[in-house]
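Taking it in order: structure first as structure tokens, then the write-up.
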Amino acid sequence: MASRGASILGSRASRIKTKLQSVLEASILEVTDVSSEHAGHAAVKDNLNETHFNVKIVSPKFDGQSLVKRHRMVYDLLGEELESGLHALSIVAKTPQEAGKNL
């Protein structure tokens, strides 16, 4: 039933953005649906849409956190999505200082 309620709330990409932004206060947040690149995979056999995403996020909440901890923070926030059809995430998670060096 959670997945039915989730579908009523809009696209998975929108829900991902909302969940990450509300807690991590991102200054940069890009969520890209790359599910079409994985259409033949067994995991997406029943649900061809909104299963694979790339996430780029810059947040001050990542200050002092290891890369593994940053990824855990993102995965923890998206637990409901992972239980309802989200299959894979590619995450780039940086602090504002790290992002500034690459601009």
Side-chain angles (χ1 to χ4, degrees):
M1 186 152 319
S3 61
R4 275 189 184 173
S7 66
I8 292 170
L9 297 175
S11 74
R12 188 180 306 274
S14 295
R15 293 191 308 271
I16 289 171
K17 285 181 184 179
T18 299
K19 289 174 184 180
L20 295 178
Q21 184 63 44
S22 67
V23 175
L24 297 178
E25 302 169 0
S27 56
I28 297 172
L29 179 56
E30 298 174 15
V31 178
T32 307
D33 185 348
V34 294
S35 302
S36 63
E37 298 172 17
H38 303 275
H41 296 183
V44 295
K45 178 174 57 174
D46 296 328
N47 182 7
L48 297 178
N49 298 317
E50 299 188 310
T51 57
H52 293 68
F53 286 85
N54 293 342
V55 173
K56 294 180 184 177
I57 183 168
V58 175
S59 170
K61 303 270 183 162
F62 294 147
D63 284 335
Q65 304 297 327
S66 70
L67 184 58
V68 170
K69 176 64 175 168
R70 296 173 193 186
H71 283 223
R72 282 189 189 140
M73 292 167 73
V74 171
Y75 278 110
D76 287 348
L77 290 170
L78 300 179
E80 184 177 302
E81 298 298 332
L82 288 161
E83 292 174 5
S84 67
L86 176 59
H87 177 70
L89 286 173
S90 171
I91 303 169
V92 175
K94 297 184 177 187
T95 66
Q97 294 79 14
E98 292 167 340
K101 293 177 185 176
N102 294 326
L103 296 177

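Heavy atoms only: backbone and side chains are in, while hydrogens, waters and symmetry mates are out.
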In sequence, state the C-alpha distance, the side-chain angles, and the governing distance for Val92 and Glu30, and then conclude on side chain to side chain contact (heavy atoms under 4.5 Å, CB included).
CA-CA 10 Å; Val92 175; Glu30 298 174 15; over 6 Å; no
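- Taking Ser66 as the reference, Val68, Lys69 meet the side chain to side chain contact (heavy atoms under 4.5 Å, CB included) condition, with sequence neighbours excluded.
- Rounding to the nearest 0.5 Å places CD of Gln21 at 8.5 Å from OG of Ser59.
- The closest donor-acceptor contact from the side chain of Arg12 to the backbone of Thr51 lies at 3.5 Å or more, if one exists at all.
- The pair Arg15-Glu50 does not meet the salt-bridge criterion, since no charged nitrogen lies less than 4.0 angstrom from a carboxylate oxygen.
- Across Pro96 and Asp63, no two heavy atoms sit closer than the pair CD-OD1, 4.3 Å.
- Think of Leu89 as one node in a network of Ile, Leu, Val, Met, Phe, Trp and Tyr side chains linked at under 4.5 Å; its network also takes in Ile16, Leu20, Val23, Leu24, Leu29, Val31, Phe53, Val55, Ile57, Phe62, Met73, Val74, Tyr75, Leu77, Leu78, Leu82, Leu86, Ile91.
- The salt bridge (charged side-chain N to carboxylate O under 4.0 Å, His left out) check on Lys19 picks up Glu81, with sequence neighbours excluded.
- Ser35 has its side chain out of reach of His87: every pair of non-hydrogen atoms, C-beta onward, lies at least 4.5 Å apart.
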